[in-house]
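Here is the structure we will look at, set down as structure tokens.
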Amino acid sequence: TVGCVAVDSNGNLASATSTGGLVNKMVGRIGDTSVIGAGTYANELCAVSATGVGEVIIRGTVARDVAALMEFKGLSLKEAANIVIHERTPKGTVGLVAVSAAGDIAMPYNTPGMFRASATEDGYSEVAIWSE
Amino acid sequence: MGWAIALHGGAGVPYSLPPERRQPREEALRHCLQIGIKALNSKMTPLDVVELVVRELENIPHFNAGRGSVLTNKGTIEMEASIMDGNTMKCGAVSGLTTVVNAVSLARLVMENTPHIYLAFDGAEEFARQQGVETVDSSHFITEENIERLNQAKEANRVQIDYTQPIYNDTKSETETPFANGDSQTG
């Protein structure tokens, strides 16, 4: 699975995700990537793109949950994304990238690693696979 | 505040990923990030930026999407994608694509050129032809690597959420680390 989230300097947000699915999946199987609110979501607070075991991500409405925690509990992007990844989904199954309208970035995952990259207008950038 | 961007190429990457597999993927991430940075600096809208970057990722065979898509249990390709605009909450999604080169762009056309959010399988393929998006023979998407991985998954009789080697019981370390070898192309 591949995905990208972006926010411009006016706070406009968007998210996109694309995948071939799971190796050896059944013909006709649909995963999280094309289910809005599961693998992909964006509203006025944040934009989220998830990757991992699609069935887990759909069951957990992962992308929407990040936005909902920000919307209804007033959490920051990082707090919301970490709760969804480290408390609300089984270990070894999910990762996500997300940006907020304020320009924050979150890239948590509960698998051994996740191919990821990020950058901000002030010059910060990162390309990584595993954690430090 | 300024602009910000983040992208991913899949989760589940085993620590044992050999350098010859890791380096080209890191290069590809860096390349796609640069495309996004340049686009945001040129004031492109976030919606256009995420479509542009995901198209680039779809065209790179190292990742499980577009050209590098993994195979079904019948050895076929079924790609899916979605896109969403935070301002308008408009969104588009497609599934079950077998010939469309960039699924994410078709998802955007569903969002912009239909009253619907989601088109799948034959309907999505027909819409692709109506919209004139680039399509190729399905074999274009099938790589030797992915055939090999499907065979591994079949041998291990499991659905792989990544490109790990099947877990054999003779080596303890592999049974403990579900992502033993190979590289990740998590769904």
Side-chain angles (χ1 to χ4, degrees), chain A residues 1-9 12-28 30-31 33-34 36 39-44 47 49 51-54 92 94-95 97-99 102-103 105 107 109 111-122 125 127 129-130, chain B residues 1-15 22 25-26 29-30 33 37 40 46-47 49-51 53-54 57-58 63-66 69-70 72-74 78-87 89 91 93-95 103-104 117 149-150 153-154 159-161 178-179 186-187:
Chain A
T1 304
V2 299
C4 182
V5 291
V7 60
D8 66 13
S9 46
N12 302 305
L13 290 148
S15 173
T17 315
S18 181
T19 190
L22 292 180
V23 185
N24 200 23
K25 66 182 179 183
M26 289 174 69
V27 169
I30 288 181
T33 294
S34 52
I36 297 295
T40 303
Y41 189 75
N43 64 7
E44 76 281 10
S49 173
T51 175
V53 180
V94 186
V97 296
V99 288
I105 293 174
M107 301 194 288
Y109 52 92
T111 58
M114 176 170 75
F115 291 117
R116 62 194 189 282
S118 62
T120 54
E121 192 163 9
D122 59 8
S125 77
V127 174
I129 298 178
W130 300 286
Chain B
M1 47 130 314
W3 55 253
I5 184 172
L7 56 98
H8 68 79
V13 189
Y15 299 113
R22 191 187 73 229
R25 284 162 178 76
E26 281 176 338
L29 289 172
R30 207 162 273 116
L33 185 63
I37 290 171
L40 284 162
L47 191 63
V49 170
V50 297
E51 181 189 1
V53 170
V54 169
L57 287 161
E58 286 173 337
F63 300 118
N64 172 19
S69 289
V70 297
T72 70
N73 59 5
K74 296 283 190 298
E78 289 184 357
M79 301 173 284
E80 53 196 29
S82 64
I83 191 167
M84 186 162 188
D85 178 13
N87 273 347
M89 302 288 280
C91 44
V94 289
S95 278
V104 71
I117 287 179
R149 288 193 178 100
L150 175 59
K154 281 180 178 291
V159 171
Q160 275 188 353
I161 65 165
F179 306 100
T186 297

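Every chain is numbered from 1 and lettered A, B, ... according to where its sequence line falls, protein lines coming before strand lines.
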Quick one: of Gly3(A), Gly39(A), Gly103(A), Gly31(A), who has the most non-hydrogen atom pairs under 4.5 Å with chain B?
Gly3(A)
Can you list everything that forms a salt bridge (Lys or Arg N to Asp or Glu O under 4.0 Å) with Glu51(B)? Sequence neighbours excluded, please.
Arg108(B)
Could you tell me which portion of Asp8(A) (side chain, backbone, both or neither) has an atom closer than 4.5 angstrom to a non-hydrogen atom of chain B?
both
Do you know which of Asp122(A), Ile105(A), Val5(A), Ile36(A) has the most heavy-atom pairs with chain B at a distance under 4.5 angstrom?
Val5(A)
Would you mind reporting whether Leu13(A) and Val99(A) have side-chain heavy atoms less than 4.5 Å apart?
yes
Quick one, Ser49(A) and Ser15(A) - any side-chain contact, counting heavy atoms below 4.5 Å?
yes
Side chain, backbone, both or neither: which part of Ala119(A) has a non-hydrogen atom closer than 4.5 Å to chain B?
both
Which one of Leu47(B), Asn87(B), Asp85(B), Val53(B) has the most heavy-atom pairs closer than 4.5 Å to chain A?
Asn87(B)
Could you check if a side-chain atom of Leu33(B) sits within less than 4.5 angstrom of a side-chain atom of Ile5(B), using non-hydrogen atoms only?
yes
Among Ser34(A), Ser125(A), Ser9(A), Gly28(A), single out the residue with the greatest number of heavy-atom pairs under 4.5 Å to chain B.
Ser34(A)
Contact class of Val27(A) relative to chain B, heavy atoms under 4.5 angstrom
both
Using non-hydrogen atoms and a 4.5 Å limit, figure out which bit of Ile30(A) sits close to chain B: side chain, backbone, both or neither.
both
Do Glu78(B) and Thr72(B) meet the criterion of a side-chain donor-acceptor pair at a distance under 3.5 Å?
no
Going by the rule salt bridge (Lys or Arg N to Asp or Glu O under 4.0 Å), which residues pair with Glu121(A) if we only count those two or more places apart in sequence or in a different chain?
none
